[in-house]
K.L.:
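Got a structure here, written out as C-alpha cells. Questions coming.
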Amino acid sequence: MGGIGKTALAVEAAHRAREKGWFPGGTFFVDLRGYDDDPVTADQAVLALLDALGVRSQDLPPTPERQYDAYRALLAERRDRTLLILDNASDPAQYVPLLPGTDHHRVLITSRDRPDALAVRLVPLETLAPEDSAALLTRALHDTDERDDRPAREPDALRELAELCGHLPLALQIAAGMLRRRRHRGIASLVADIQGAGDPADVLDRGSPGTDLYGRSLVLRPVLETSYRRLPADQARLLRLLCLAPGAETGTEAVAALAGLDAEAALSLLEDLAATHLVTPVRGHNGTSPAVRWRVHDLVRAFGVGVVTRAAALREEGEAARERVLAFYYRWAAAADGRLRWLPGMAEPERFTDRGQALAWLDSERAGLVAAALWAQEERYADTAMRLALRLAQYLDWRRYFDDLIMVSRAAQGAAHRVGDRHNEAVAWNGLGLALQKAGRVDEAIEAHTRDLDLCQAAGDRRGEATTWNNLGTALRAAGRVDEAIDAHTRARDLFQAAGDRHGEAMAWDNLGIALQGAGRVDEAIDAHTRARDLFQAAGDRHNEARVWNNLGIALRAAGREDDAIEAYSKDLEICREFEDWYGAGLTLENLALAHQGTNRPADARAYWLQAADAYTRANAPTEAAQARSRAAELPE
C-alpha cells in the first residue's frame, strides 16, 4: 500500500548491491509518478534513460519506436550488468516497454498494484512488526540526538504511538519528525493528540516535518486519497463500506451483507481491492484454504470512515450498510445460539447442524459480533444490537470471554432501558450478573441480579423471577452468604415447580445441592444433586447432566464415598469431552486428581493434574492450567 516504504527499500537494496559489486554497470532510477495526476509515460521515461546512457540532442532517434530500439540495443551491448529501478508504477504500460529484452540486466519495479497478468516475481511488503516499528522510531530520534532518552523513558507510549501509526513506515517517519520538533515534550503528548483527533492522518499531516530524503512530501492523506480516487466506482463503494464494518477482520459473507451484494460479487471486488493493497486477505487457519476474511489497515479504515461522514449521501449509504450487516449477524447468531441451547424435541435451528458448526462460526466472527452488539448504544441500531447481545451470552459464557460478555450485557441493558423494554432489560441484567460473577466481581453480580429480580417481580414474570433467584443464590454463595443462598435456590425451585418448568427445576436443585453442602448438610446435598441429575436425563440435556455428575461427585466425596465419587466424575468427564467443554473437563480432572490423592494413588493423581492442565489450556484458562501443572509437579511420577 502507499507509504509502506517501497522506494526506500528499493534504493537501500540498490546501494547494498552496488557495494557488493553486483552491478558494475551502475543503477538507473526512474520515478514514474504513477499515482500523480500526470504520470510519466514509457515514451517519456525512455528519453530520460537514453539521456543517462549518453544519447542526446542530434543523436536522439526521431520516433518513439526507434528510441526504444536504440535503448534496447545499448543495453544489449552493455557488458557490465546494470540495475534499472522503475519506481511508483501504476500501470504495466508504463514499464513493459522499458524492460531490457535481455536477462543479463536486472529490473526492480515498485507499485501499489499487483500486475497479475505478467509473469514477474512479486515481493509483497507488509506493515512492520510492532517491535520493528518501535525500533524505527527509536533510531530516528537517536540519529538526530543520541541523548534523546524518551523511548527508554516512555516504552509504553512508544508502542502505543507505533500502533496509532498502524506500523506504516510513512506514518512512523512523520511521527518521528514531529517528536524531533517537540523535543521538550514527551511521546505521550503526541499519543494524546492523535487519540483526541480520532483520525491519525489529521494530526500527522498537520505536523508533517516536510520532505523525505528523496524530496517527496511527507503527507499521509494524499497517499490514501490518490489510491482511493483511482478505484472504479464499485470498488470504491465496497472499500468505504468495509471501513464501517465492526471488528478488525470481516468474513466474505459479512462484507457481502454490508454492500448488499451476493457473496460471489463481493469476493470478486475484494480480490480486486487486495490487488491494490487496500485490503488484505487473511487465510484460513490450516494455511491451505482460500482466504475467507479481509482486513483493512487502520489508517485506511480511518480514511474511509472520514469519506463517508463528510457527505450526506454517503452517510445514509453507510447507515444502511451497517443495518444490513447487523441484521446478518443477528440472524446467524440467533441460529448458532439456538443450536447451543437445543434439546431433543425442540425445533431445529437453520444452517448449523451441530454444536461444532455453531461454535466454529461464532469463533470466527466473535470480534465483529461483539463490536456490532455494542452498536446498541446508538439509537438507530439499539433494538437489533440489543437482541444480538442477548444471543451472544450463552456463547461468550461457554468460551469464558467474560470481559466481552460484561461489555455486551451492559450495552444491551442500557439500550433496553432507553426504549422501555423491561423484559429484555431484566434479561440483560441477568447476563451481566452471571458475567460479573464468573469474573470474580461478586458484589457487583449480586447488585445486577437484585436489579433483575426487581424488574421481574414488577412485571409479574414468575419464570424470570425463578431464574433470577437461582442465579442470585449462586452469587450469594460465592460471597459466603450460604444461608441466604439456600433460601434463594429454594425459592427458585418452588417457582419452577409451580410453573411446570422441569429444566429450570433441575438447575435449582443442582445449585441448592451445592449450597447445602456448603452448609455441611451433605446427605441433603446428595439427594438434591440426584434429583437434578434425574430431571436433566429426562430432558435429554447431556451437558447439564455432566455438571450435576461433577457436583454429585463432590458431595459423595465429602460423605466419604470415594469410589462412588470417582465413578460420578468419570461420567461427567465423558460428557464434557463429548461436548468439547474443556473448562468443565479441567474441573472434573482436578476432582479426579484429588480423589486419587485421597485414596493414596499419587501417580494416578499426577496424571489427572497434567490432563487438567491440558484441558484448561484448551479452555483459555492459563491461570488454572499453571496451577494444575504446579500441583502435578508436587507428586511423584
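Atom set for the values below is all heavy atoms of this structure, side chains included, hydrogens, waters and symmetry mates excluded. Along the sequence shown, residues are numbered consecutively beginning with 1.
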K.L.:
What I'd like to find out is whether the side chain of Leu179 reaches to under 4.5 Å of the side chain of Leu161, using heavy atoms alone.
P.N.:
yes

K.L.:
Listed by chain and number, what are the salt bridge (charged side-chain N to carboxylate O under 4.0 Å, His left out) partners of Arg324, not counting sequence neighbours?
P.N.:
none

K.L.:
Whether Arg399 and Asp363 form a salt bridge (side-chain N of Lys/Arg under 4.0 Å from carboxylate O of Asp/Glu) is what I want to check.
P.N.:
yes

K.L.:
Taking 4.0 angstrom as the limit, do Asp337 and Arg341 come out as a salt bridge?
P.N.:
yes

K.L.:
Measuring from Cys165:SG to Leu299:CG, what's the distance to the nearest 0.5 Å?
P.N.:
7.0 Å

K.L.:
Quick one: does any side-chain atom of Glu154 pair with a main-chain N or O of Ala188 as donor and acceptor, under 3.5 Å?
P.N.:
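Between the backbone of Ala188 and the side chain of Glu154 there is a qualifying donor-acceptor contact (under 3.5 Å).
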
K.L.:
Do Met178 and Leu204 have side chains that approach each other closer than 4.5 Å (heavy atoms only, starting at C-beta)?
P.N.:
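They are in contact (side-chain heavy atoms under 4.5 Å apart), so the answer is yes.
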
K.L.:
Does Arg230 count as lying over the ring of Tyr35, i.e. NZ or CZ under 6.0 Å from the six-ring centre, within 45 degrees of the axis?
P.N.:
no

K.L.:
Does a side-chain N-to-carboxylate-O contact under 4.0 Å join Arg355 and Glu580?
P.N.:
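Answer for the salt bridge query: no.
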
K.L.:
Of all the heavy-atom pairs spanning Ala411 and Ala376, show the shortest one and how long it is.
P.N.:
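It is O-CB, 3.8 Å.
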
K.L.:
If you count heavy atoms of other groups shown closer than 6.0 angstrom to CZ of Arg182, is the number above 12?
P.N.:
yes

K.L.:
Salt bridge or not for Asp31 and Arg33, using N-O below 4.0 Å?
P.N.:
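Arg33 and Asp31: not salt-bridged.
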
K.L.:
Are there more than 12 heavy atoms of other residues, nucleotides or ligands under 6.0 Å from atom CG of Asp145?
P.N.:
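Correct, the count exceeds 12.
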
K.L.:
Taking the side chain as every heavy atom from C-beta outward, state whether Val296 and Thr250 have any atom pair closer than 4.5 Å.
P.N.:
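Heavy-atom side-chain distance check fails, nothing below 4.5 Å.
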
K.L.:
Hey, is Asp148 close enough to Arg153 for a salt bridge, meaning N to O under 4.0 Å?
P.N.:
no

K.L.:
Return the CZ to CG distance between Arg114 and Leu122, rounded to the nearest 0.5 Å.
P.N.:
5.0 Å

K.L.:
In the structure I gave you, are the side-chain heavy atoms of Val325 and Pro246 within less than 4.5 Å of one another anywhere?
P.N.:
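With C-beta onward as the side chain, the pair touches.
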
K.L.:
Would you say the side chain of Leu244 lies within less than 4.5 Å of the side chain of Arg240, judging by non-hydrogen atoms?
P.N.:
no

K.L.:
Write down the atom of Leu190, the atom of Ala175, and the distance for their closest heavy-atom approach.
P.N.:
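Looking at all heavy atoms of both residues, the closest pair is CD2-O, 3.9 Å.
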
K.L.:
Using modelled atom types and a 3.5 Å cut-off, is there a donor and acceptor pairing between side-chain atoms of Lys438 and backbone atoms of Tyr401?
P.N.:
no

K.L.:
Does Asp37, at its CG atom, have more than 12 non-hydrogen atoms belonging to other residues, nucleotides or ligands within less than 6.0 Å?
P.N.:
no

K.L.:
Closer than 4.0 angstrom, basic N to acidic O: yes or no for Glu378 and Arg322?
P.N.:
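Yes, Glu378 and Arg322 are salt-bridged.
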
K.L.:
Does Arg221 make a cation-pi contact with Phe303, if we ask for NZ or CZ under 6.0 Å from the ring centre and within 45° of the axis?
P.N.:
no

K.L.:
Hey, are Asp404 and Arg366 close enough for a salt bridge, meaning a charged N less than 4.0 Å from a carboxylate O?
P.N.:
yes

K.L.:
State the CZ-CD distance between Arg418 and Glu379, to the nearest 0.5 angstrom.
P.N.:
8.5 Å

K.L.:
Would you confirm whether Asp36, through its side chain, and Pro39, through its main-chain N or O, come within 3.5 Å as a donor-acceptor pair?
P.N.:
no

K.L.:
Indicate yes or no: does Glu444 engage Arg410 in a salt bridge with an N to O separation below 4.0 Å.
P.N.:
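So Glu444 pairs with Arg410 through a salt bridge.
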
K.L.:
Is the side chain of Gln94 donor-acceptor paired with the backbone N or O of Val40 at a distance under 3.5 Å, no angle test?
P.N.:
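Yes.
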
K.L.:
Roughly how far, to the nearest 0.5 Å, is the OH atom of Tyr228 from the CG atom of Leu278?
P.N.:
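Separation between the atoms: 11.0 Å.
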
K.L.:
How are the rings of Trp375 and Tyr381 set relative to one another: parallel (under 30°), tilted (30 to 60°) or perpendicular (over 60°)?
P.N.:
tilted

K.L.:
Is there a donor-acceptor pair closer than 3.5 Å between any side-chain N or O of His297 and the backbone N or O of Gly166?
P.N.:
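Yes; at least one donor-acceptor contact below 3.5 Å.
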
K.L.:
State whether Glu12 and Arg16 are salt-bridged, where the test is any N-O pair (Lys NZ or Arg NE/NH1/NH2 against Asp/Glu carboxylate O) under 4.0 Å.
P.N.:
yes

K.L.:
With a 4.5 Å heavy-atom cut-off, do Met1 and Arg112 have their side chains touching?
P.N.:
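No - every pair of side-chain heavy atoms lies 4.5 Å or more apart.
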
K.L.:
About how many Å separate CD of Glu163 and OG of Ser133, when rounded to the nearest 0.5 Å?
P.N.:
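Here the interatomic distance stands at 8.5 Å.
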
K.L.:
Using the six-membered ring wherever Trp is involved, compare the ring planes of Phe328 and Trp361 and label them parallel, tilted or perpendicular (cut-offs 30° and 60°).
P.N.:
perpendicular

K.L.:
So does Gly34 get a backbone contact from the side chain of Asn88, meaning a donor-acceptor N/O pair under 3.5 Å?
P.N.:
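Looks like no, no N/O pair under 3.5 Å.
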
K.L.:
Does Arg150 use its side chain to pair, donor to acceptor, with the backbone of Arg185 at less than 3.5 Å?
P.N.:
yes

K.L.:
Hey, does the side chain of Asp199 reach the backbone of Ala201 with a donor-acceptor pair shorter than 3.5 angstrom?
P.N.:
yes

K.L.:
May I ask you to test the Phe28-Leu49 pair for a side-chain heavy-atom distance under 4.5 Å?
P.N.:
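Contact flag for Phe28/Leu49 side chains = yes.
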
K.L.:
Could you tell me whether Asp156 and Arg159 make a salt bridge, using a distance below 4.0 angstrom between a side-chain N and a carboxylate O?
P.N.:
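Salt bridge: yes.
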
K.L.:
Do Glu316 side-chain atoms and Ala312 backbone N/O form a donor-acceptor pair below 3.5 Å?
P.N.:
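Side chain of Glu316 to backbone of Ala312, a donor-acceptor pair under 3.5 Å: no, none is there.
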
K.L.:
Any chance you could measure Arg229, atom CZ, to Leu231, atom CG, to the nearest 0.5 Å?
P.N.:
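Interatomic distance, Arg229 CZ to Leu231 CG, rounded to 0.5 Å: 11.0 Å.
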
K.L.:
Answer yes when Arg293 and Glu365 have at least one side-chain N-carboxylate O distance shorter than 4.0 Å, and no when they do not.
P.N.:
yes

K.L.:
Is there side-chain contact between Arg331 and Arg351, with at least one heavy-atom pair below 4.5 Å?
P.N.:
no

